[in-house]
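Reminder, nothing fancy here: chain letters follow the sequence lines and each chain counts from 1.
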Number of protein chains: 4
Amino acid sequence: MTAPDAADLKRDQILAAASRVIAERGYHATNIADIARELGAGHGTFYRYFKNKHDIAVQAVDRAMRRIAEALADEPPEVATSLDEYRAQVTRIAHRLFDLVIAEPVVARLFFFEAAAINRERAERFHAALDDLGSFTAAYIRNGQRRGFLRAEVDPEVIGLALNGVILAGAARMLRVSDPAAERDRWVDSVLTLMFHGLAS
Amino acid sequence: MTAPDAADLKRDQILAAASRVIAERGYHATNIADIARELGAGHGTFYRYFKNKHDIAVQAVDRAMRRIAEALADEPPEVATSLDEYRAQVTRIAHRLFDLVIAEPVVARLFFFEAAAINRERAERFHAALDDLGSFTAAYIRNGQRRGFLRAEVDPEVIGLALNGVILAGAARMLRVSDPAAERDRWVDSVLTLMFHGLAS
Amino acid sequence: MTAPDAADLKRDQILAAASRVIAERGYHATNIADIARELGAGHGTFYRYFKNKHDIAVQAVDRAMRRIAEALADEPPEVATSLDEYRAQVTRIAHRLFDLVIAEPVVARLFFFEAAAINRERAERFHAALDDLGSFTAAYIRNGQRRGFLRAEVDPEVIGLALNGVILAGAARMLRVSDPAAERDRWVDSVLTLMFHGLAS
Amino acid sequence: MTAPDAADLKRDQILAAASRVIAERGYHATNIADIARELGAGHGTFYRYFKNKHDIAVQAVDRAMRRIAEALADEPPEVATSLDEYRAQVTRIAHRLFDLVIAEPVVARLFFFEAAAINRERAERFHAALDDLGSFTAAYIRNGQRRGFLRAEVDPEVIGLALNGVILAGAARMLRVSDPAAERDRWVDSVLTLMFHGLAS
DNA sequence: AATGAATGAGGATTCATTCAT
DNA sequence: GATGAATGAATCCTCATTCAT
């Protein structure tokens, strides 16, 4: 276990400053001078720690993707044995994600708005990550179908991606409202009802 | 009613060429030379019909947004008087949207991937459009609640945005699969079940 | 036979301007702004005709190398059948080279001083060209040895490179004196005596 | 007479390291980091001993020029009283120069390839040094002419510079061949024949 | 009206040099 | 004395835009 040294700290500071600026202005509108100003350092300092502007952005975005994935991936898809357990699991995941979005809007903006904005190659990587996330969600659905507490007739892959879409929409919403905590609770309530019981009365 | 003259036709040709290139490469990776090559005309020609690169992109994206809105807005939110009618309405809307995505991927890419990529101001306009679309969907939910065939306890605004998210996820999917017509039918089936009856068995 | 078009002319003008500046200031001290100023055009104009600064310099130097090679290569090594014919041949070659140096000092400076200055790869190419030139001169020596009018005991390759050195020294001298025509005649006289009869009295 | 202290030693080490790197990569392709790596010291250390990069290079080159001059200047131009003595003198000088080139290729590369590469001012100084060397060689010729063992009709200044050129060509050759000792002997033999007896049979 | 050669503002990047530790 | 992290001036290069033909 090595102690983080001064260089690692500096690296993290630059990454944090770049993340803030890119999240605020967008990748293409951000220039090196903006990042330098945000950190209070000279341009050259970045180039000691990162290869170029693309490299900084990719690392900021990758870090954001890891943070989002950690919030989602903590719950194994096979553990829920009943509808109530699964419902509790979904509730926990939703809260964790929304709380992360609320607590770290920079991370959320990098993930939702900048991950696909850097270039085509990164956009494809972002969509592949969403596909992976959909497959991961599909594993929960399949678990419930196997155990008999979720409808067998729905296509798990479709539902996985559809729930992705719901989650993205909710997270994007949290970034845009003035009282995100209240919005979060409204979302979880209504979406859980939609998800488990449908809209038909 | 004035007949479209030659200038309008040329304008449309340029807009179509720019739309194809921007949809393929992305706004920031597209340069004027790319569009000129695609159209087989000189750079200067654009500047006769459009103010600048930003202007072309905005008009291409706005046109795509109008096309998408037309596909969705044909169905007034108040007409459905029963669950079956609403279900049929939703099915029609979904088919119209997905068919548009399949038939005109350029329009879909401009809407889903480029509308928010141009700059911050356009990203905010895109999100406002999604909010409008959510409110529009919420009107359907409210109609169903008023008429008693949809659950009263869900928040229509939340459900409106959540269904937005499902639609976006589905449309993005249509752009990425090799047999989009089959994918469309899988989506409509599973998503209607989710939407009206929920996943609980 | 195609007529040179406007683009070729412009290209040649830029190459000529860059050649003058590089010959005067040296490759590394020359920047794009200097060349732009010399031509009276914007920076961007260069980049329409040349890939980058390295590309301009390489083409300027290669053109200079071709000009020098043309001045030397006009005389086939095998034609001289007697000492007098060879002496006349050497005299012609020397005059052609020195006259070129005097008439076009830019070409000479590019060849003698900048060909090896761009980078290591170009320096090696320059030295390879000098080796080729030495081998070419050696062919004259071998012709004279075969025909019996030049001493058999000298190594033609060594003499070829040694005469290279004499020529380079003379050409460099022409670039540095105020009356190069007089200097040229002094050189040809003394060097021919050295070359054919030696210094011993 | 002061003993060389630790500071002088360090200075010499830095100069030696810089000489090696500049000889290998060339002045303009060498950066301070390369020299620091070669020495195993920090950048700042140079700036304790040398004013800047230009200063290091100039001192490295000047030292090389002194080393070359020492190899040549040991023989006073007036001592030879006969052709045989002069021939022996020339042979000694040539061996000393070529042996230095072979033993210390770094010194030779700095002199032949980098002395003129630093900037215009240094290039002119290099050419002035070659002119001085030519005048020095001319003094030998004049001595031989005065004493009657060398031809009176050649121009000593021209011959001085021409022999310079031969020497430079030979030294450059020594740097490029795999068996420089054999090459040296071939050169001395053929060039002495050329120099004293000429090529005519 | 159409063209595309010319332009130069703008931005990314390098690297010699400094100076706090 | 030694260090090397920090700096920003300097420079290359791109590309949206203009305008003479």
> Is E/dT3 paired to anything, Watson-Crick or G-U wobble with both distances less than 3.5 Å, and if yes, which nucleotide?
Replying inline: F/dA20
> Does a side-chain heavy-atom distance below 4.5 Å link B/Arg67 with B/Leu110?
Replying inline: no
> Does the pair A/Glu104/A/Arg20 count as a salt bridge with the N-to-O cut at 4.0 Å?
Replying inline: no
> Of the nucleotides F/dA2, E/dA16, F/dA9, which one has an atom closest to the side chain of D/Arg48?
Replying inline: F/dA2
> Counting side-chain heavy atoms from CB outward, which of E/dA6, F/dT3, F/dG4 is closest to C/Thr45?
Replying inline: E/dA6
>> Expressed as a whole number of angstroms, how long is the span from A/His43:NE2 to E/dG11:P?
In response: 11 Å
> Rounded to whole angstroms, how far apart are CG on A/Asp8 and C1' on F/dA5?
Replying inline: 14 Å
> Counting side-chain heavy atoms from CB outward, which of F/dT11, F/dC13, F/dG8 is closest to C/Asn31?
Replying inline: F/dT11
>> For a 4.5 angstrom cut-off between non-hydrogen side-chain atoms, does D/Leu15 reach D/Phe50?
In response: yes
>> Closest-nucleotide mapping onto DNA chain F: is B/Gly44 or D/Phe46 further toward the 5' terminus? I mean the 5' end.
In response: D/Phe46
>> Less than 4.5 Å apart, side chain to side chain, heavy atoms only: is that true for D/Ile68 and D/Met65?
In response: no
>> By the 4.0 Å heavy-atom rule, please label A/Ala41 as base, sugar-phosphate, or nothing.
In response: sugar-phosphate
> F/dA6 phosphate, OP1 or OP2: any side-chain N/O from A/Lys10 under 4.0 angstrom?
Replying inline: yes
>> Nearest whole Å is fine: how far is E/dA12 C1' from A/Ile56 CD1?
In response: 11 Å
> Whole-Å distance between F/dA9 C1' and A/Ile32 CD1?
Replying inline: 16 Å
> In whole angstrom, what separates D/Lys53's NZ from E/dT14's P?
Replying inline: 15 Å
>> Using Watson-Crick or G-U wobble geometry with both distances under 3.5 Å, which nucleotide pairs with E/dG11?
In response: F/dC12
> D/Asn52 CG to F/dA9 C1': how many Å, rounded?
Replying inline: 16 Å
>> I want to confirm an ordering. Mapping C/Gly40 and D/His54 to their closest nucleotides on DNA chain E, which one lands closer to the 5' end?
In response: C/Gly40
>> Expressed as a whole number of angstroms, how long is the span from D/Lys51:NZ to E/dT18:C1'?
In response: 15 Å
>> Do C/Val61 and C/Tyr27 have side chains that approach each other closer than 4.5 Å (heavy atoms only, starting at C-beta)?
In response: no
>> Over all strands shown, is A/Phe50 touching base, sugar-phosphate only, or nothing at heavy-atom distances under 4.0 angstrom?
In response: nothing
> Taking OH from C/Tyr47 and C1' from E/dG4, how many angstroms apart are they, rounded to a whole number?
Replying inline: 21 Å
>> By the 4.0 Å heavy-atom rule, please label B/Tyr49 as base, sugar-phosphate, or nothing.
In response: sugar-phosphate
